[in-house]
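First the structure, in the form of C-alpha cells, and then the observations on it.
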Amino acid sequence: MRGAVIHAPGDVRFETLDGPRILKPTDAIIRTAVTCVCGSDLWPWRGLDATDEAHPMGHEYVGFVEEVGAEVTAVKPGQFVVGSFATSDNTCANCLGGFQSNCLNREFMSTCQAEYVRIPNAQGTLVATDEVPGEEFWPGLLAVSDVMGTGWYAADAAEVQPGSTAVVVGDGAVGLCAVIAAKEMGAERIIAMSRHESRQQLAREFGATDIVTERGEDGVARIKEMTGGIGADSVLECVGTAQAMQQALHSARPGGNVGFVGVPHEVAIDGQELFFSHVGLRGGPAPVRRYLPDLIDRVLTGRINPGKVFDLTLPLEQVAEGYKAMDERRAIKALLKP
C-alpha cells in the first residue's frame with residue numbers, strides 16, 4: 001500500500017509501505033475512505049516535536065472494515081466505521097468512567113494517512129454506521145474521529161451550560177468545532193478569538209456571536225470588557241501554547257472553567273495564581289469514543305456539519321501539499337482522498 005512518512009521537519013513523503021496485518025485477535029484492518037492532516041501534525045513538520053527516525057503519520061480516519069481479529073465481534077467486514085485517534089478496549093475502569101483516551105490498553109493511532117490502517121482495540125474503538133453513508137457525510141464523520149470530538153470535549157470539560165458565555169481560544173479546526181459544541185450545549189454567547197477573516201466567517205456560521213481579534217493580555221482585557229469586568233463562564237483552549245493557556249486562564253471568571261485540549265508545548269501554570277483565581281481546569285486527550293454515537297448521529301441527521309472545516313481536498317498522494325497549505329495558513333484543514 002501507499003502512505004505518508006515523515007523523514008524530517010518539512011519533509012513528508014508519499015511512499016510504498018508494507019500493508020497492515022492482524023497482529024492481535026483484537027485488531028481490525030480498514031480500507032481508508034478519507035483521512036486528513038491534523039494541526040498537531042504540524043508540530044513535527046515545523047520541528048517543534050523531534051523526528052528521530054522516519055515514521056508514518058496520521059491519526060484521523062473513517063473507512064471500510066476489511067478484516068477483523070478473532071475477538072472482534074462489534075464490527076464486521078464491509079461495514080463503514082468511525083474510530084478515535086486513541087484506541088480503547090471500552091471495558092477497563094477508565095473507559096467505563098468515560099475516559100477512553102486513558103484506557104489501560106490505550107494505543108495512539110499514528111499511521112492513518114495511508115490506504116489501509118490496522119486498528120488496535122477494534123472491539124472497543126470502532127463504531128459502525130447502520131449503513132454506508134453518502135460521501136457527502138464522510139468529511140463530517142472524519143471530523144468526529146478527532147477535531148469534532150476534541151472540540152466537544154473542550155466544551156464538556158469547560159462545563160458549558162445553557163445560557164452561559166463561552167470563549168474559544170484558537171481558530172483552527174478544533175477551535176471551530178469547539179464553537180459548534182458550545183452552541184449545541186446551549187451557550188448564549190460564544191466569543192471566538194480569531195484574526196483570520198475566513199475562519200471568523202466559519203466561526204460565525206457555526207454559532208459564534210462575537211469575534212475578538214486581540215491576543216494575549218489585550219485579548220483578556222477585551223473579554224473582561226465584554227463581560228462586565230468579570231470574565232467568561234467557560235473558556236475552551238484549543239491551541240496548546242503558553243500564551244493561549246494564559247489567555248484562557250485569565251479570561252475565565254472566578255468559579256468559571258477552562259477546558260484545554262491543545263497539546264501543551266512549553267506551558268507552565270503558576271499554582272499560586274490558579275489557587276487564588278477559583279478557576280477550574282480540566283483537559284487532556286479527548287475521550288472521543290465516549291461521544292462517537294451521539295456525534296455520528298448529529299452529523300448523519302444534519303444537525304451539525306463539522307466537515308466544513310475541510311477547506312482543501314487533495315488526493316492522498318499530495319499529502320505533503322496538505323501539510324504546506326496548513327503550515328502557511330492557506331488551509332484550515334486538508335482532506336485526503338486515497
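If you read the sequence from its start, that first residue is 1, and numbering goes on from there.
- Of the possible polar contacts, one joining the S234 side chain to the A158 backbone as a donor-acceptor pair under 3.5 Å is found.
- Heavy atoms from other residues, nucleotides or ligands lying under 6.0 Å from CD of Q272 number 12 at most.
- Checked for salt-bridge contact, K24 and E71 miss the test: no charged N lies under 4.0 Å from a carboxylate O.
- H250 and Q246 share a donor-acceptor pair across their side chains, judged by distance under 3.5 Å alone.
- V309 and F85 fall within a single hydrophobic cluster, where Ile, Leu, Val, Met, Phe, Trp and Tyr are joined by side-chain heavy atoms under 4.5 Å apart, directly or via other members.
- V239 and I223 end up in the same hydrophobic cluster when Ile, Leu, Val, Met, Phe, Trp and Tyr side chains are linked at under 4.5 Å.
- A 6.0 Å sphere centred on CD of E188 holds no more than 12 heavy atoms belonging to other residues, nucleotides or ligands.
- Taking the six-membered ring for Trp and thresholds of 30 and 60 degrees, Y153 and Y291 have ring planes inclined between 30 and 60 degrees apart.
- Between S145 and Y61, the closest heavy-atom pair is OG-N, 3.4 Å.
- Between V168 and A178, the closest heavy-atom pair is CG1-CB, 4.1 Å.
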Before you tell me yes or no, could you show the steps for F14 and R2 under side-chain contact (heavy atoms from CB on, under 4.5 Å), namely the whole-Å CA-CA distance, both residues' side-chain angles and the distance that decides it to 0.1 Å? CA-CA 7 Å; F14 190 61; R2 298 177 300 169; 3.4 Å; yes

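- With T32 contributing its side chain and V34 its backbone, the two residues share no donor-acceptor pair below 3.5 Å.
- Under the side-chain hydrogen bond (donor to acceptor under 3.5 Å, both in side chains) test applied with R189, the options T209, T165, D210 reduce to a single match, D210.
- H7 has its side chain out of reach of T51: every pair of non-hydrogen atoms, C-beta onward, lies at least 4.5 Å apart.
- N94 places a side-chain N or O within donor-acceptor distance of the main-chain N or O of N102, the cut-off being under 3.5 Å.
- Side-chain contact check for K337 versus L314: every heavy-atom pair is 4.5 Å or farther apart.
- Under 3.5 Å, the side chains of N121 and T125 contain no donor-acceptor pair of N or O atoms.
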Could you go through the side-chain contact (heavy atoms from CB on, under 4.5 Å) check for E321 and R330 one step at a time? CA-CA 11 Å; E321 171 57 24; R330 290 184 284 112; 3.0 Å; yes

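- Inspection of the E328 and Y323 side chains reveals no N or O donor paired with an N or O acceptor under 3.5 Å.
- Remark: K324 NZ is loosely packed, at most 12 non-hydrogen atoms of other residues, nucleotides or ligands lying under 6.0 Å away.
- Follow the hydrophobic side-chain contacts under 4.5 Å out from F64 and you never reach L126; the two are in separate clusters.
- Residues F260 and R282 have side chains not in contact (no heavy-atom distance under 4.5 Å, counting atoms from C-beta outward).
- Surrounding NE2 of H278 are at most 12 heavy atoms belonging to other residues, nucleotides or ligands under 6.0 Å away.
- We find that R31 and E115 are not joined by a salt bridge, their nearest charged nitrogen and carboxylate oxygen being 4.0 Å or further apart.
- In summary, of the residues considered (V299, V147, L176), a side chain to side chain contact (heavy atoms under 4.5 Å, CB included) with P306 occurs for V299 alone.
- Annotation: cation-pi pair R290/F99 present, NZ/CZ under 6.0 Å from the ring centroid and within 45° of its normal.
- Panel note: side chain S101, backbone P285; a donor-acceptor pair is recorded below 3.5 Å.
- In this structure, the side chain of W45 does not engage the main chain of A8 through any donor-acceptor pair within 3.5 Å.
- In this structure the side chain of V72 reaches within 4.5 angstrom of the side chain of V75, judged on heavy atoms.
- For the pair Q201 and E205, the minimum side-chain heavy-atom distance is 4.5 Å or more.
- Between the D311 side chain and the I332 main chain, a donor and an acceptor come within less than 3.5 Å of each other.
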What do the steps show when you test V258 against V279 for side-chain contact (heavy atoms from CB on, under 4.5 Å), and what is the final call? CA-CA 7 Å; V258 172; V279 171; 3.8 Å; yes

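- Looking only at distances, a side-chain donor or acceptor of K333 sits under 3.5 Å from a matching main-chain atom of V37.
- E107 contributes no side-chain N or O that, together with a main-chain N or O of T87, makes up a donor-acceptor pair within less than 3.5 Å.
- Residues M57 and V319 form no side-chain contact, since every pair of their non-hydrogen atoms from C-beta on lies 4.5 Å or further apart.
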Test R222 against M193 for side-chain contact (heavy atoms from CB on, under 4.5 Å), laying out the working first. CA-CA 10 Å; R222 183 75 181 110; M193 307 194 82; over 6 Å; no

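- Using a 4.5 Å heavy-atom cutoff, the side chains of E67 and R118 are not in contact.
- Taking hydrophobic clusters as Ile, Leu, Val, Met, Phe, Trp and Tyr residues chained together by side-chain heavy-atom distances below 4.5 Å, I119 does not share a cluster with F80.
- In this structure, the side chain of T301 engages the main chain of D297 through a donor-acceptor pair within 3.5 Å.
- Between the CD atom of E159 and the CG atom of N257 there is a distance of 4.0 Å, given to the nearest 0.5 Å.
- With 3.5 Å as the limit, one finds no donor-acceptor pair spanning the side chains of D89 and Q100.
- Note on F137: it clusters hydrophobically with V62, by side-chain heavy-atom contacts below 4.5 Å among ILVMFWY residues.
- Look at D171 and R329 and you find a salt bridge, because one of the NZ, NE, NH1 or NH2 atoms lies within 4.0 Å of a carboxylate O, short of that distance.
- C36 has its side chain within reach of E60: a pair of non-hydrogen atoms, C-beta onward, lies under 4.5 Å apart.
- For the atom pair L142 CG and L335 CG, the distance stands at 6.0 Å (nearest 0.5 Å).
- Although no hydrogens or angles enter the test, the distance criterion places no donor-acceptor pair under 3.5 Å between the side chain of Q79 and the main chain of V65.
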